[in-house]
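Before any comments, here is the structure.
As the structure is a prediction and not an experimental result, all values here were calculated from the model. Chain letters run A, B, ... following the sequence lines, proteins first, then strands; residues in each count from 1.
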2 protein chains.
Amino acid sequence: MKPTPAGAGPGRAATIYEVARLAGVSHQTVSRYMADRSKLKAATSDKVERAMAELNYTPNLAARSLRTRATYRLLALVPGASPFFPSRMLTGAAATAQDAGYHLDVVALEGSGPERTERLRRILDGGPFAGALSFVPLAGTDLLQAQERIPVVVAGEYDDQMRGQGRMSDGSAAQAIVAHLAALGHRRIAHIAGPQAWPAARNRLSVYRRAVQHAGLEDGGVAEAEWSAASGYAAAQTLIADRSITAIFAANDQLAIGAIRALHEEGRRVPDDVSVVGWDDHPESAFLVPSLTTVHMDLEAQGGHAMKQLLAALKPGGTLPTEAGTAGTRLVLRESSGPAPRAPRETRLEP
Amino acid sequence: MKPTPAGAGPGRAATIYEVARLAGVSHQTVSRYMADRSKLKAATSDKVERAMAELNYTPNLAARSLRTRATYRLLALVPGASPFFPSRMLTGAAATAQDAGYHLDVVALEGSGPERTERLRRILDGGPFAGALSFVPLAGTDLLQAQERIPVVVAGEYDDQMRGQGRMSDGSAAQAIVAHLAALGHRRIAHIAGPQAWPAARNRLSVYRRAVQHAGLEDGGVAEAEWSAASGYAAAQTLIADRSITAIFAANDQLAIGAIRALHEEGRRVPDDVSVVGWDDHPESAFLVPSLTTVHMDLEAQGGHAMKQLLAALKPGGTLPTEAGTAGTRLVLRESSGPAPRAPRETRLEP
DNA sequence: ATCCATTATGTGATCGATAACAAGGAGCAG
DNA sequence: CTGCTCCTTGTTATCGATCACATAATGGAT
């Protein structure tokens with residue numbers, strides 16, 4: 001209704017001085033109102049509140065940041081190379097950051113070793129960030145270099161430490177997968193692991209190994225791969241040379257897709273000859289032919305959780321939240337897993 | 001005098017005053033050096049340059065922004081609901097923004113109508129953004145409200161205006177798809193369109209219509225869907241009730257996956273009975289069974305291009321780049337498309 | 001050599017917030 | 001009623017950059 005609300009210019013945002021004048025107090029009182037309104041008398045607080053509302057005041061972050069040396073910008077490092085980085089994780093993290101009054105700046109970190117370190121250094125120099133959340137595994141030197149400046153949380157690292165503990169962790173789902181395959185009569189299974197630089201990949205591999213042993217199955221081999229379907233395809237080609245393997249556990253859905261393709265080209269049917277299970281439950285996975293048995297993840301929540309860890313680390317008394325962030329994972333049974341073919345060689349149980 | 005050696009402290013960044021003192025000039029000269037070094041004498045410029053290098057100076061953006069009222073933050077609006085928003089587009093845009101000295105803040109815009117408008121308003125009020133790049137279609141009111149404050153570019157809108165013009169645009173690839181199907185003997189084809197709020201979806205639909213007519217084919221129907229596989233599945237169920245349709249052109253790969261699933265469940269083979277083509281060429285699409293005929297897109301480049309448009313609009317004389325940003329699209333032929341079954345009804349050419 | 005139009009550099013004020021310190025008032029014991 | 005806290009509010013300085021204006025240096029033309 002009014003282009004110029006009583007004191008504020010047309011486009012120009014109101015300042016604390018204008019709010020102060022309208023409220024009949026000093027600018028510092030307005031500043032205090034924002035910092036901790038409980039320290040003001042109720043009457044004063046009300047006056048300020050009304051004035052702010054009338055002028056539609058919003059603080060100038062540049063000015064505040066200049067004075068306090070605090071910055072409200074966080075850095076999100078996402079993989080540049082991996083095209084299917086789950087953007088939901090990012091949006092979950094961004095939403096959490098925004099709710100806490102921070103801005104999240106996205107940077108794709110790609111390339112390898114030294115050039116990546118250099119890029120990281122340039123970014124960190126470029127502007128002061130309050131902290132960084134990395135969805136990319138950071139090598140030791142990168143991480144140290146970054147951390148000596150600001151708090152850095154690498155998504156998944158924390159869960160990594162909690163590896164396989166209880167139902168909150170990735171681990172229990174991996175265990176459920178192996179148990180599922182064992183129940184279907186599979187005796188010899190293989191694993192296509194993700195890049196071991198990634199915590200999630202290490203976690204899944206380690207739980208796979210333990211679960212196989214625990215269930216008394218034979219480990220038909222582990223092939224390390226990138227996260228891509230192409231890489232899963234190549235890894236599977238190697239693994240399935242061993243015809244006694246009747247099930248493959250892939251560390252994510254893309255790898256599983258690649259594995260199914262490799263099996264298809266060898267003329268082996270899924271799941272009749274070989275079962276394949278994935279991980280992540282991409283929205284398409286239910287519609288593939290065959291549809292994919294996989295582990296459902298709430299990626300958005302995981303992104304939000306990682307951000308909460310970072311926010312906690314930013315506070316002076318910074319302690320990390322104690323619960324792991326992978327709650328909500330669950331095994332989803334679909335067509336790509338089925339009974340082991342014929343009579344599985346039950347006699348070959350001794351090592 | 002201060003605990004910081006030689007002007008620059010360990011944590012504390014150097015200021016123009018420190019640079020000025022070291023260079024033996026005034027702070028304003030240092031400021032001018034950054035603004036336009038050509039206006040300084042070569043000797044002065046050198047001194048400043050050396051001092052900056054020695055102190056490892058980086059400007060304090062908060063201070064600059066406070067004085068100039070300019071802000072170096074851009075807003076990226078990404079869909080919150082659509083989990084498979086191509087994050088490469090985002091990283092492409094982010095990289096371009098960073099090269100230009102801007103920071104890109106990611107916000108997921110989800111929900112519908114009024115609540116979304118409210119959220120957008122809150123974000124825009126939250127802090128001054130220099131501009132916004134939206135990967136989400138914005139409704140008229142949202143857009144107007146946003147644009148009265150800052151320049152807004154909606155990715156794809158521009159290409160939308162250039163619809164189907166020349167080989168740079170989405171259009172030619174859609175035309176190539178239809179021509180490809182016609183060459184395989186298909187006479188009656190259908191289209192699963194994306195949400196018509198999205199420029200890319202409108203574009204593909206409109207070119208589909210034109211190309212079908214131009215190739216003298218019959219339009220077997222258009223079903224509008226969301227971008228998801230689930231939605232493609234539902235849409236295809238409707239379309240394939242018409243058994244005379246021998247090919248489906250889906251507006252993206254997820255839709256195509258859903259369509260293939262629907263056909264599979266009806267006992268119809270791909271491509272023997274029905275051909276299916278997608279769009280986007282996700283990295284997995286080559287490994288599906290059957291692998292997907294699709295249109296390859298350089299999403300990263302498209303994201304970068306959209307950002308360039310925004311950056312151009314930010315400059316005072318702001319004009320948009322003249323070329324469309326979809327160069328690099330190309331048809332990729334794979335297993336999901338093949339010859340029309342048996343003798344296509346060649347006699348039914350008249351309407 | 002002198003003067004003037006440029007060009008190059010320096011000085012002080014300013015952006016909008018918080019920090020540091022000072023000062024006015026209320027409440028209460030003596 | 002005095003004097004002393006404690007609580008609330010006001011005044012002035014400051015963060016690090018640019019802007020506006022003043023001044024010094026430069027280069028021709030006279």
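Put simply, CG on A:Leu61 is 9 Å from P on C:dA17, counting in whole angstrom units. Here D:dG16 presents its C1' atom at 18 Å from CZ of A:Arg64, a figure rounded to the nearest Å. The interatomic distance linking B:Gln28 (CD) with D:dA22 (P) rounds to 15 Å, in whole Å. Note: CG (B:Leu55) to C1' (D:dG16) measures 15 Å, nearest angstrom. What separates CG of B:Asn60 from P of C:dA17 is a distance of 16 Å, to the nearest Å. Spacing between atom CG of A:Asp36 and atom P of C:dA19 amounts to 13 Å, rounded to whole angstrom units. Rounding to whole angstrom units, CZ of residue B:Arg21 and C1' of D:dG16 are separated by 15 Å. Here D:dG10 presents its P atom at 10 Å from CG of A:Leu40, a figure rounded to the nearest Å.
Nearest to the side chain of B:Thr15, among C:dG12, D:dT9, D:dG16, sits D:dG16. The side chain of A:Tyr17 has C:dG16 as its nearest neighbour among C:dA13, C:dG16, D:dT11. Of the listed nucleotides (D:dG10, D:dG16, C:dT18), C:dT18 has the atom at the smallest distance from the side chain of A:Met34. The side chain of B:Leu66 has C:dC15 as its nearest neighbour among C:dT9, C:dA17, C:dC15.
No donor-acceptor distance shorter than 3.5 angstrom exists from the side chain of A:Ser65 to the backbone of A:Ala62, with no hydrogens or angles considered. Under a 3.5 Å cut-off, the side chain of A:Asp105 and the backbone N or O of B:His103 do not form any donor-acceptor pair. At least one donor-acceptor pair closer than 3.5 Å links the side chain of B:Glu18 to the backbone N or O of B:Thr15.
OP1 and OP2 of D:dA25 both lie 4.0 Å or more from every side-chain N or O belonging to B:Lys41. B:Tyr33 has no side-chain polar atom (N or O) that falls below the 4.0 Å cut-off from OP1 or OP2 of D:dA17. Within the structure, every side-chain polar atom (N or O) of B:Tyr72 is placed at least 4.0 Å from both OP1 and OP2 of D:dA17. At the phosphate of D:dG16, OP1 or OP2 sits under 4.0 Å from a side-chain N or O atom of A:Arg69. Between B:Ser31 and D:dC19, a side-chain N or O to OP1/OP2 separation shorter than 4.0 Å is absent. At the phosphate of C:dA13, neither OP1 nor OP2 sits under 4.0 Å from any side-chain N or O atom of B:Arg67.
Using a 30° and 60° split on the angle between ring planes, A:Tyr102 and A:Tyr72 fall in the tilted class, from 30° to 60°.
In this structure, A:Tyr17 has its ring center closer than 6.0 angstrom to the ring center of A:His27.
Interatomic distance, B:Leu66 CG to A:Leu61 CG, rounded to the nearest 0.5 Å: 11.5 Å.
Each of B:Ala62 and A:Ser38 has a nearest nucleotide on DNA chain D; the 5'-most of these lies closest to A:Ser38. Along DNA chain C, the nucleotide closest to B:Ala63 and the one closest to B:Val25 are compared, and the more 5′ of them pairs with B:Val25. Residue B:Thr44 is the one, among B:Thr44 and A:Ile16, whose nearest nucleotide of DNA chain C lies closer to the 5' end (criterion: closest heavy atom).
For B:His27 and D:dT18, a side-chain-to-base donor-acceptor distance below 3.5 Å is present, hydrogens and geometry of angles not being considered.
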